[in-house]
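Let me begin by presenting the structure, written as structure tokens, before commenting on it.
As the structure lists them, so they are numbered: ligands from 1, and atoms in each ligand from 1.
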Amino acid sequence: MWDLLVRDARLATMTPGAPWGAVPGAPEAGAGVAGGALAVRDGRIAWVGLDRDLPAGAAAVRELDGGGRLLTPGLVDCHTHLIHAGSRAAEWEARLGGATYEAIAAAGGGILATVRATRAAGPERLLSLALERIGTLLAGGVTTVEVKSGYGLDLETELAMLRAARRAGALLPVTVRTSYLGLHAVPPEYLGRAERYLEMVLGEVLPAAAAARLADAVDAYCEPHAFSPAQVERLFVEAGRLGLPVKLHAEQRSDSGGAALVARHRGLSADHLEHLSPEGVAALAAAGTVAVLLPGAFLHLRESRHPPVAALRAAGVPMAVATDWNPGTSPLGSLTTAMNLGCTLFGLTPAEALAGATRHAARALGLADRGALAEGLRADLCLWNLEHPAELAASLAVPSLATRVVAGAVHHAPHR
Ligand code: DI6
Ligand code: FE
């Protein structure tokens with residue numbers, strides 16, 4: 001007896017081997033597998049296949065009629081800064097008028113403007129912002145989301161951000177994974193003393209976040225105007241001592257060697273990568289580190305240099321796509337829109353974009369238990385009011401979601 005059985009669905013399983021994934025006993029025909037069924041027991045996928053191959057006498061407590069509609073793994077947004085207060089719209093206006101991101105940051109705007117607003121917000125406000133924004137992502141089909149700190153930069157506010165993320169994960173039907181991003185910018189009280197700030201991060205905030213189990217991973221921003229590879233390396237060594245995996249904002253505005261650095265530390269992911277070199281591609285491939293593409297930031301910053309998607313593809317580097325939801329460079333709260341931009345701006349195929357928002361995104365978070373429709377994986381599912389899997393990336397509208405299933409529990413839309 002199963003807990004849940006979805007029948008007559010078009011399956012995009014996103015398992016490896018075929019663009020939209022394979023189904024036991026059925027060839028994938030270029031648009032997912034029609035006439036599929038999927039069963040759930042104890043929050044996990046217990047059976048996937050063709051409706052007509054269901055075992056004789058198969059029964060479930062609850063049945064969902066797919067009605068021929070598309071069933072996919074729940075979406076995974078593996079890179080966000082969605083907890084932040086304040087607005088940076090005026091900076092965007094200034095950039096439209098010709099100001100550069102680095103010049104605005106050097107004048108005390110940029111990340112530090114958001115740090116001021118976030119420090120002033122207080123924990124209750126941070127939680128309500130987190131709930132509202134994660135709610136927006138859930139309505140778009142997200143079932144797992146990563147949330148970074150990095151707009152507090154002091155002990156109290158960094159931990160408050162991570163706690164708000166954890167709390168939101170406990171209150172909403174979603175998995176929240178947290179990353180401690182202490183090396184995001186040098187805070188004003190350490191102006192001109194970046195090394196002292198690094199000592200404080202290594203000596204105080206990182207150990208406190210680890211001891212309170214508030215961080216699932218450690219991230220940093222490696223750019224000439226942020227932190228150097230040598231500084232990031234010290235952070236990664238310390239993260240390794242504490243047993244925390246690492247990831248890195250790398251090669252976004254320049255080739256700083258960040259991808260090779262994070263690969264050397266067996267990092268989960270290298271993110272952005274517009275300026276990634278051939279050596280960086282090879283390093284990611286050798287380490288099995290995921291390349292996370294963030295086309296929302298490329299668009300919002302009006303960049304012209306593309307990440308080397310063809311080289312990453314040729315080298316077999318798994319490519320994920322994420323929103324990078326943040327107030328300065330990627331104010332984007334729709335993962336399917338990020339998928340669309342990944343295709344239209346970076347040249348991903350629609351199937352690569354969906355793999356990038358499911359299987360590869362789960363891997364970028366170190367989660368081996370989700371991201372595809374396969375027996376034994378967590379039953380995080382989306383049933384869409386769509387027919388063809390490419391529609392998810394093709395549309396710039398919020399795609400119509402009928403039902404989200406999270407660890408086997410059914411949530412019908414709307415989810416807010
Ligand atoms: N992610 C980041 O952390 C930076 N850029 C990006 O894409 C800075 C975000 C910000 O300006 O607040
Ligand atoms: Fe980011």
What residues form a side chain to side chain contact (heavy atoms under 4.5 Å, CB included) with Arg253, not counting sequence neighbours? Tyr101, Glu102, Glu223, His225, Leu301, Glu303

Taking atom types as modelled and ignoring hydrogens, do the side chains of Thr72 and Trp384 form a donor-acceptor contact shorter than 3.5 angstrom? yes

His272 and Phe298: aromatic ring centres closer than 6.0 Å? no

Do we see a donor-acceptor contact under 3.5 Å between the side chains of Arg266 and Thr289? no

Show me the short polar-atom pairs for ligand 1: any N or O of it lying under 3.5 Å from a protein N or O, with distances only.
from: ligand 1; atom 1: 1 (N); to: His81; atom 2: NE2; distance (Å): 3.4
from: ligand 1; atom 1: 1 (N); to: His249; atom 2: NE2; distance (Å): 3.3
from: ligand 1; atom 1: 3 (O); to: His81; atom 2: NE2; distance (Å): 3.3
from: ligand 1; atom 1: 3 (O); to: His184; atom 2: NE2; distance (Å): 2.7
from: ligand 1; atom 1: 3 (O); to: His249; atom 2: NE2; distance (Å): 3.3
from: ligand 1; atom 1: 5 (N); to: Thr329; atom 2: OG1; distance (Å): 3.3
from: ligand 1; atom 1: 7 (O); to: His272; atom 2: NE2; distance (Å): 2.9
from: ligand 1; atom 1: 7 (O); to: Asp324; atom 2: OD2; distance (Å): 2.5
from: ligand 1; atom 1: 7 (O); to: Thr329; atom 2: OG1; distance (Å): 3.0
from: ligand 1; atom 1: 11 (O); to: Arg88; atom 2: NH2; distance (Å): 2.7
from: ligand 1; atom 1: 11 (O); to: Tyr101; atom 2: OH; distance (Å): 2.5
from: ligand 1; atom 1: 12 (O); to: Arg88; atom 2: NH1; distance (Å): 3.1
from: ligand 1; atom 1: 12 (O); to: Arg88; atom 2: NH2; distance (Å): 3.4
from: ligand 1; atom 1: 12 (O); to: Tyr151; atom 2: OH; distance (Å): 2.6

Using a strict 4.0 Å threshold on nitrogen-to-oxygen distance, state whether Arg119 and Glu189 make a salt bridge. yes

Give the ring-plane orientation class for His79 versus His249, where under 30° counts as parallel, over 60° as perpendicular and anything between as tilted. perpendicular

Protein N/O/S atoms closer than 2.8 Å to the Fe ion (ligand 2), ordered by chain and number, come to His79 NE2, His81 NE2, His249 NE2, Asp324 OD1

Verify the distance criterion only: is there a donor paired with an acceptor across the side chains of Thr178 and Glu146 at less than 3.5 Å? no

Should the pair Glu199-Arg196 be classified as a salt bridge under the 4.0 Å nitrogen-to-oxygen rule? no

For His360, enumerate each residue passing the ring pair (Phe, Tyr, Trp, His ring centres under 6.0 Å) test, keeping only those at least two apart in sequence or located in another chain. none

